[in-house]
Asks: 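A single structure is presented below for examination.
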Amino acid sequence: MSTTADTLARLRRATLGATGLVCLAYALAALAMDRPDPFAFWLPGAFGVASAFIITLALNVTDRKSAKAATDEGYRADTHRAARVAYWIALALYPLFGVLLASGLTTFPTAFAAMGTLTGAAFLLLFTLFDWQGR
């Protein structure tokens, strides 16, 4: 099976975007239900492992030129940009959840679960957005 760099990039966006959406859904559901396990706790991690497996498999079954083109300097720039923005989002979660905890709007276990999945969702969804924009 030989795929193009565009196909690999679309596959990467789809799998990482789906993983990011599952992480976001988990965090929002945890906050809405005020419980740290709104659905199966292993689901965000399973999506992440499946994404990594699918992307790795696709890169290994395609020709080297397409694989290198799919992981070019644009991919690296999008990854770094998403990491930089997600870092600040993760830091902003601390005072936000501090206020939620201090005012009694959530519990520590729920905040811990929501912050963990929101941190992952921030990077994954930002990377997907930046990669989709092609900047």
Asks: With Thr79, which residues qualify under side-chain hydrogen bond (donor to acceptor under 3.5 Å, both in side chains), at least two apart?
Replies: none

Asks: With a 3.5 Å cut-off and sequence neighbours excluded, list the donor-acceptor pairs that the side chains of residues 36-47 form with protein atoms.
Replies:
{"residue": "Asp37", "atom": "OD1", "partner": "Arg35", "partner atom": "NE", "Å": "3.0"}
{"residue": "Asp37", "atom": "OD1", "partner": "Arg35", "partner atom": "NH2", "Å": "3.0"}
{"residue": "Asp37", "atom": "OD2", "partner": "Arg35", "partner atom": "NH2", "Å": "3.4"}

Asks: May I ask you to list the residues sharing a hydrophobic cluster with Phe127, side-chain cutoff 4.5 Å, ordered by chain and number?
Replies: Leu8, Leu16, Ile55, Leu59, Tyr75, Phe123, Leu124

Asks: Pairs under 3.5 angstrom only: tabulate donor-acceptor contacts from the side chains of residues 98-106 to other protein residues two or more places apart or in another chain.
Replies:
{"residue": "Ser103", "atom": "OG", "partner": "Val99", "partner atom": "O", "Å": "2.8"}
{"residue": "Ser103", "atom": "OG", "partner": "Leu100", "partner atom": "O", "Å": "3.3"}
{"residue": "Thr106", "atom": "OG1", "partner": "Asp34", "partner atom": "OD1", "Å": "3.2"}

Asks: Can you list every side chain to side chain donor-acceptor pair (under 3.5 Å) pair that touches residues 20-29, not counting sequence neighbours?
Replies: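 Applying side chain to side chain donor-acceptor pair (under 3.5 Å) to every pair that reaches into residues 20-29, excluding sequence neighbours, yields nothing.
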
Asks: Can any side-chain N or O of Arg12 pair as donor or acceptor with the backbone N or O of Ala70 at less than 3.5 Å?
Replies: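 Such a contact is found between Arg12 side chain and Ala70 backbone.
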
Asks: How long is the straight-line distance from CZ of Arg81 back to CZ of Arg84, given to the nearest 0.5 Å?
Replies: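 If we round to the nearest 0.5 Å, Arg84:CZ and Arg81:CZ are 8.0 Å apart.
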
Asks: Kindly say whether Met115 contributes a backbone atom to a donor-acceptor pair with the side chain of Thr119 at under 3.5 angstrom?
Replies: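 At least one qualifying donor-acceptor pair exists.
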
Asks: Evaluate the side-chain contact (heavy atoms from CB on, under 4.5 Å) criterion for residues Phe53 and Thr56: first the C-alpha distance (whole Å), next the side-chain angles of each, then the deciding distance (0.1 Å), finally the verdict.
Replies: CA-CA 5 Å; Phe53 180 76; Thr56 302; 5.9 Å; no

Asks: Report the hydrophobic cluster partners of Leu11, with the cluster defined as I, L, V, M, F, W, Y residues connected by side-chain heavy atoms closer than 4.5 angstrom, directly or transitively.
Replies: Ile54

Asks: CG/Leu93 to CD1/Ile89 distance, rounded to the nearest 0.5 angstrom?
Replies: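 So the gap between those two atoms works out to 8.0 Å.
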
Asks: By side-chain contact (heavy atoms from CB on, under 4.5 Å), which residues pair with Leu28, not counting sequence neighbours?
Replies: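 For Leu28, the residues satisfying side-chain contact (heavy atoms from CB on, under 4.5 Å) (neighbours in sequence not counted) are Leu24.
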
Asks: Considering residues at least two apart in sequence or located in another chain, which fulfil the side-chain hydrogen bond (donor to acceptor under 3.5 Å, both in side chains) criterion with Thr19?
Replies: Ser51

Asks: Which atom pair, heavy atoms only, marks the closest approach of Ala114 to Ala27?
Replies: O-CB, 3.7 Å

Asks: Quick one: list whatever passes side-chain hydrogen bond (donor to acceptor under 3.5 Å, both in side chains) with Thr128, sequence neighbours left out.
Replies: none

Asks: Which residue pairs pass the ring pair (Phe, Tyr, Trp, His ring centres under 6.0 Å) test with at least one member in residues 76-115, sequence neighbours excluded?
Replies: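 Qualifying pairs: none.
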
Asks: Under the side chain to side chain donor-acceptor pair (under 3.5 Å) definition, can you give me all pairs with a residue in residues 109-118, not counting sequence neighbours?
Replies: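 Non-adjacent pairs meeting side chain to side chain donor-acceptor pair (under 3.5 Å): Thr107-Thr110.
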
Asks: With sequence neighbours left out, write down each residue that passes salt bridge (Lys or Arg N to Asp or Glu O under 4.0 Å) with Arg10, or none if nothing qualifies.
Replies: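 Arg10: no salt bridge (Lys or Arg N to Asp or Glu O under 4.0 Å) contacts found.
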
